[in-house]
Amino acid sequence: MLHKGIKDTQNFMKCVLSQSSVTLLLYRHIWGREREVKTTMPVQELNPTHYSAQRAAAVAQHFLNTRHGSPYQWFHVEQVQSATMEEITGVGRKYHVVFSAKEGVSDQSVGLCTADVLFPQEGGDQTAPQVQCSCKGLPAVNTTAQEEALYQELQRSSTLVTGNNIPGIFGYIAPKMKPLWVLAAVASSFVMLKESNENTLYNMAQVANVTQLKSEDKQLKFQYHVLLHEMISQEIIHWQLLATWGPAEGVNVLHTEWQPKCDHCVLPPANTSKDPSHTD
Amino acid sequence: MLLSTGLLLLALFLQGSNEVPQTAAGSETLATTGDYNYTKYHPMHEITSWMEMVVKENPDVVSVEVYGKTYEKRNITALKIGLKSSGEKKVIWMDCGIHAREWIAPAFCQWFVKEILTNYKNDERLRTILSNVDFYVTPVLNVDGYMYSWINSSTRLWRKSRSVPPSGCDCYGTDLNRNFNANWGMIGVSRNCCEQIYCGSKALSESEASAVTSLVESLKARMLCFFTIHSHGQLILVPYGYPEIVAPNYGELMQVAQEASKAIKSVHGMEYTVGAPPAVLYPNSGSSRDWARLIGIPFSFTFELRDKGQFGFLLPEDQIQPTCEEVYAGVRSIIDYVYDRKSPAQGGSVAVATAAVWTTLLASCVSAAALL
């Protein structure tokens with residue numbers, strides 16, 4: 001009788017166990033699959049010191065300059081704190097970057113910035129990255145007084161300002177030229193933003209020439225010939241920019257034109273930097 | 001009292017009149033290296049005069065080593081710096097200005113030489129190192145390119161050598177740092193001679209790269225460390241730039257570079273990022289740093305100096321000193337490490353002496369104990 005009792009218990013246990021295992025297996029299969037569906041588009045954690053995070057942050061920097069830059073304010077990435085990348089099928093790659101930034105004229109921190117940078121997939125009609133970015137410390141230093149002063153000075157002047165090679169070969173910038181150099185960097189940011197992709201890292205190397213033009217409205221108008229440095233190809237790329245500025249309106253870029261290195265050069269396809277070996 | 005004041009005034013007057021203004025185009029007569037302005041950029045002829053003066057003033061410590069010719073047939077010159085020694089000397093290599101527009105690099109090499117020569121007499125550690133190590137410092141490797149970049153504003157941003165274009169293409173120059181025999185032509189290069197990263201018609205097509213190769217090959221058995229100085233970016237790059245291989249001592253290279261980065265930061269707070277190029281910059285092949293590691297030199301580093309893009313290659317002269325100070329600290333930390341790690345023969349004499357002292361002490365204790 002006991003024998004039977006034990007055997008029954010054993011059978012009972014076996015049954016319970018097998019039922020549980022099946023249930024567990026089923027559960028894992030279903031639950032696992034659901035999780036699998038969620039992780040088809042994984043968000044990758046990026047090393048903040050590595051190039052992909054750095055390049056995405058640089059794009060956010062260009063964006064900040066187009067939005068908040070002026071002859072007395074421009075922004076630089078100080079340090080990337082964290083970054084993730086997400087592949088969005090059919091759209092492109094989205095980077096989320098957190099970085100500290102500084103304003104370049106006052107050398108003041110603008111705190112932590114958070115940016116979403118979407119590099120569109122190749123082959124589409126979109127080539128420029130899409131950016132959203134905000135910084136805790138923006139708006140930064142109050143530069144209204146300096147901007148007003150510069151604006152008034154240039155408005156009142158009977159001569160139109162011109163300059164060449166800023167900085168000069170020894171890195172020197174005449175104090176009077178400094179705001180126009182900063183303005184050039186801000187205007188260049190419009191181009192650098194548009195031209196950026198995951199394989200570029202842009203900076204303005206030098207202002208070859210700045211020529212103030214007569215303006216029909218309240219905005220001051222400048223024609224710039226700038227030299228951009230692209231780090232991965234190490235190329236110096238020439239651009240002609242037509243920019244306007246006023247303390248109220250801020251910086252606007254009316255026209256940009258890629259300049260060939262040489263006379264017989266062929267115009268490259270849009271978003272030049274995508275193919276560094278463009279025909280010369 | 002009056003006499004000493006008078007002499008002092010005379011000395012001050014003479015010192016003042018010795019200060020020769022620097023001009024880009026003008027030729028400067030260098031009376032002594034004490035007059036040399038290390039916080040200004042110098043054209044090639046001034047650097048050459050300076051090198052001659054350095055040797056003249058330190059004949060027992062410095063000699064000139066012309067180890068090749070540029071494309072335009074100019075001398076490629078290193079300063080060999082070390083104290084005379086009976087034993088075999090190890091070697092540490094440093095070259096600057098492989099890329100013409102990176103003017104802060106030659107400025108650093110000159111600063112480095114000045115620091116070594118100014119301090120070794122009072123710095124026992126440095127003196128010890130110099131007794132066991134010869135430094136080969138090339139202030140300007142790409143002489144043709146450097147001179148070209150001094151012509152005017154339109155040439156200032158030149159990067160490559162000045163060799164004639166290959167047939168079928170019509171732009172001058174090869175990127176010397178893509179021309180070395182280290183997975184040459186594989187990645188991070190261009191085959192278009194008009195581009196900045198043109199790797200040449202073949203590995204070591206450039207006489208400058210070939211000169212470095214020959215001399216370093218002849219010294220490699222004794223070479224502790226290979227430094228190549230560039231700008232800009234604020235980076236310390238470890239092998240390899242070529243992404244398919246990993247250096248066997250990658251971990252140690254990273255550690256050493258991290259320590260150097262810390263040393264740099266302690267000077268003026270600047271961050272220099274550490275890593276292999278494919279991680280922190282871009283993959284590339286044919287670099288001198290890769291080649292040095294590949295032929296067995298255990299430590300090989302590329303330093304990318306200030307800044308991070310604001311001024312880029314046009315780094316203002318008022319940043320020369322702080323840049324040189326911080327990079328010197330970084331380089332010194334690496335020199336100290338490789339010297340301690342890899343000189344059992346030389347370090348042995350110190351170790352043996354120390355051991356002897358302890359043995360004696362212990363022996364005396366034992367004997368004292370025995371007596372008691």
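Quick caveat, the model's predicted, so the values are computed rather than measured.
When heavy atoms are compared at a cutoff of 4.5 Å, B/Phe311 approaches chain A by way of both its backbone and its side chain. With a 4.5 Å cut-off on non-hydrogen atoms, B/Thr273 touches chain A through its side chain but not through its backbone. Proximity to chain B involves both the backbone and the side chain of A/Met231, based on heavy atoms less than 4.5 angstrom apart. In this structure, chain B has a heavy atom under 4.5 Å from the backbone of A/Glu78, while its side chain stays farther away. Both the backbone and the side chain of B/Leu281 come within less than 4.5 Å of a heavy atom in chain A. Residue contact with chain A, scored on non-hydrogen atoms closer than 4.5 Å, involves the backbone and the side chain of B/His232 alike. Residue A/Leu201: no heavy atom, backbone or side chain, is found under 4.5 Å from chain B. At a 4.5 Å heavy-atom cutoff, the contact between B/Arg101 and chain A is made by side-chain atoms alone.
Taking B/Gln310, B/Arg159, B/Arg156, B/Glu317 one by one and counting their heavy-atom pairs under 4.5 Å with chain A, the maximum is reached by B/Gln310. Heavy-atom pairs under 4.5 Å with chain A were tallied for B/Leu315, B/Val280, B/Val274; the largest tally goes to B/Val280. Note: B/Gly309 leads B/Gly309, B/Pro278, B/Gly275 in heavy-atom pairs under 4.5 Å with chain A.
Classification of the A/Phe170-B/Trp103 ring pair by plane angle, with boundaries at 30° and 60°, yields tilted.
One finds no salt bridge joining A/Glu198 and A/Arg55 here, because no Lys/Arg side-chain nitrogen approaches an Asp/Glu carboxylate oxygen to under 4.0 Å.
At least one test fails for A/Arg93 against the ring of A/Phe119: distance under 6.0 Å to the centre or angle within 45° of the axis.
Proximity of a side-chain donor or acceptor of A/Gln212 to a complementary backbone N or O of A/Leu160 within less than 3.5 Å is not detected.
For the atom pair CH2 of A/Trp245 and CZ of A/Phe222, the computed distance is 7.5 Å after rounding to the nearest 0.5 Å.
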Could you please spell out the steps behind the ring-ring contact (aromatic ring centres under 6.0 Å, His included) verdict for B/Trp150 and B/Trp158? CA-CA 9 Å; B/Trp150 271 81; B/Trp158 188 260; over 10 Å; no
Determine, stepwise, if the pair A/Cys113 / A/Cys135 fulfils disulfide (SG to SG under 2.5 Å). CA-CA 4 Å; A/Cys113 305; A/Cys135 304; 2.1 Å; yes
Run B/Phe313 and B/His99 through ring-ring contact (aromatic ring centres under 6.0 Å, His included) and show every step you take. CA-CA 10 Å; B/Phe313 304 113; B/His99 290 138; 8.8 Å; no
